[in-house]
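Report on the structure given below.
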Amino acid sequence: VQRSKEELAEEVRNYAAQFLPEEKAEEILRNEAADPELRLFVKAQESQVQTELEEIQKQFDEEIKANEKIKSILIRQKQGAVDYTDSLSFAKELGVSLKKVIQENISEEMLPDGKMYYNIAQRLLEPMIKQNYDLVSKQCEATQNILNKKADLGLKAIVPEYNKEKTASIIDYISNAEKVTNDDKYSQREKSFLDSLETNAKSVVDDSVRKNADFHYNAGLRPKIIRTTVGKTCKWCQSMAGVYDYSKVSNTGNNVFRRH
């Protein structure tokens with residue numbers, strides 16, 4: 001029985017609200033027997049998301065190329081004159097740049113029901129977060145190799161693995177997946193979501209420090225972790241500043257490695 005125009009319109013609205021997983025959308029596009037109107041709608045939505053992602057990536061690349069702090073760090077990196085404070089600055093600039101382009105390209109008005117549903121968030125955000133990881137981890141690898149060489153260590157830098165769980169938690173948060181009621185609008189979580197992109201980029205530096213300290217410790221060395229404060233910080237962060245033997249703070253979840 002052929003569905004009425006009203007029923008088809010309702011199905012289209014449901015699709016717009018929930019946004020189909022990529023594999024389901026492809027299934028509809030491959031199915032020649034599917035409603036022509038639905039197929040056209042799905043194709044248009046897929047095209048819109050892809051166009052949006054390409055625009056975000058383009059603007060992000062332009063932001064990076066124009067960033068004077070990033071340029072300066074990469075120049076000093078070539079000169080062998082960087083340390084992990086530079087890596088942290090590098091990660092912060094990338095995080096801020098990603099926040100900016102997301103803010104400029106995504107708004108509550110453009111989202112279905114004013115919400116960033118899971119499959120929209122996944123397709124738009126995952127590639128960008130992964131790109132940030134690639135850039136930051138590559139810079140950290142260069143920094144660690146420079147530090148190893150200065151210390152006359154014949155060791156290669158260890159690159160931390162891409163943390164899929166952190167990416168998933170960001171996507172879950174902004175898509176409201178963790179809420180049963182699912183009532184939040186995008187604007188209600190936008191600021192904390194955008195801040196998490198910067199924090200996530202910085203966490204790659206933390207992971208690199210920890211991985212390499214652990215590698216050095218297992219190689220029979222005695223690495224130290226130096227935690228410093230920059231600018232105005234809270235009392236807790238001030239209390240955590242200091243020099244620590246890695247062997248005493250190496251346990252998972254230690255506050256020395258915690259961001260606040």
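Note: hydrogens, waters and symmetry copies are ignored here, and every other heavy atom, side chains too, is used. Start at 1 with the first residue, then count along the sequence.
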By side-chain hydrogen bond (donor to acceptor under 3.5 Å, both in side chains), which residues pair with Ser87, not counting sequence neighbours? Gln139, Thr143
Over 12 foreign heavy atoms within 6.0 Å of CD, Glu165: no
Suppose the criterion is ring-ring contact (aromatic ring centres under 6.0 Å, His included): which pairs have a residue in residues 71-91, not counting sequence neighbours? none
Around atom CD of Glu161, are there more than 12 heavy atoms of other residues, nucleotides or ligands at under 6.0 Å? no
Sequence neighbours excluded, which residues qualify as salt bridge (Lys or Arg N to Asp or Glu O under 4.0 Å) partners of Lys202? Glu198
Is the backbone N or O of Ser196 less than 3.5 Å from a side-chain atom of Thr199, with the two atoms forming a donor-acceptor pair by type? no
Between Asp61 and Gln131, does any side-chain donor sit less than 3.5 Å from a side-chain acceptor? yes
Going by salt bridge (Lys or Arg N to Asp or Glu O under 4.0 Å), name the residues that satisfy it together with Lys156, two or more places apart in sequence or in a different chain. none
Side chains of Gln59 and Glu55: is there a donor and an acceptor less than 3.5 Å apart? yes
If a pair satisfies ring-ring contact (aromatic ring centres under 6.0 Å, His included) and one of its residues is in residues 129-160, list it, with sequence neighbours excluded. Tyr133-Tyr162
Is it the case that atom NZ in Lys99 sees more than 12 heavy atoms from other parts of the structure closer than 6.0 Å? yes
Rounded to the nearest 0.5 angstrom, the NE2-OH distance for His216 and Tyr246 is 11.0 Å
Could you walk me through whether Lys115 and Tyr186 pass the side chain to side chain contact (heavy atoms under 4.5 Å, CB included) check? CA-CA 5 Å; Lys115 301 174 184 179; Tyr186 176 72; 5.8 Å; no
Is a side-chain donor-acceptor pair under 3.5 Å present for Glu141 with Asn145? no
CE on Met110 to CD1 on Ile106, rounded to 0.5 Å: 6.0 Å
Main chain of Val204, side chain of Ser208: is a donor-acceptor contact present, judged purely on distance under 3.5 Å? no
Side chains of Ile158 and Gln144: does their closest heavy-atom pair fall under 4.5 Å? no
Treating Asn105 as the side-chain partner and Val101 as the backbone partner, does any N or O pair qualify as donor plus acceptor under 3.5 Å? yes
Evaluation steps, side chain to side chain contact (heavy atoms under 4.5 Å, CB included), between Gln79 and Ile75: CA-CA 7 Å; Gln79 297 170 342; Ile75 288 172; 3.9 Å; yes
From Gln103 atom CD to Phe193 atom CZ, the distance as rounded to the nearest 0.5 Å: 10.0 Å
Judged by modelled atom types alone, do Thr85 and Asp83 share a side-chain donor-acceptor pair under 3.5 Å? yes
Does Val256 offer a backbone N or O that forms a donor-acceptor pair with the side chain of Asn254 under 3.5 Å? yes
Could you tell me whether a side-chain N or O of Arg189 sits under 3.5 Å from a main-chain N or O of Ile174, the two making a donor and an acceptor? no
Minimum heavy-atom distance Asn132-Ala201, with the two atoms named: ND2-CB, 4.1 Å
Here's a test for you: under side-chain contact (heavy atoms from CB on, under 4.5 Å), which of Ile102, Asn67, Leu197 qualifies with Ser97? Asn67
Taken in chain and number order and not counting sequence neighbours, the residues that satisfy side-chain contact (heavy atoms from CB on, under 4.5 Å) with Lys191 are Asp195
If you count heavy atoms of other groups shown closer than 6.0 angstrom to OH of Tyr217, is the number above 12? no
For Lys150, does the NZ atom sit with more than 12 other heavy atoms under 6.0 Å from it, leaving out its own atoms? yes
How far does CZ of Phe60 sit from CE of Met128, to the nearest 0.5 angstrom? 5.0 Å
What residues form a side-chain hydrogen bond (donor to acceptor under 3.5 Å, both in side chains) with Lys138, not counting sequence neighbours? none
Sequence neighbours excluded, the answer for side-chain hydrogen bond (donor to acceptor under 3.5 Å, both in side chains) partners of Lys130 is Asp134
Mind checking salt bridge (Lys or Arg N to Asp or Glu O under 4.0 Å) for Lys71 and listing every partner two or more places apart, or none if nothing turns up? Glu68
Check for a donor-acceptor pair, side chain of Asn163 on one end and backbone N or O of Lys166 on the other, with a separation under 3.5 Å. yes
side-chain hydrogen bond (donor to acceptor under 3.5 Å, both in side chains) against Gln57, all qualifying residues, sequence neighbours excluded: none
Say whether, by atom type as modelled, one donor and one acceptor occur between the side chain of Asn148 and the main chain of Leu155 under 3.5 angstrom. yes
Quick one: side-chain contact (heavy atoms from CB on, under 4.5 Å) partners of Ala142, sequence neighbours excluded? Gln77
Could you tell me which residues satisfy salt bridge (Lys or Arg N to Asp or Glu O under 4.0 Å) with Lys69, sequence neighbours excluded, listed by chain and number? Glu93
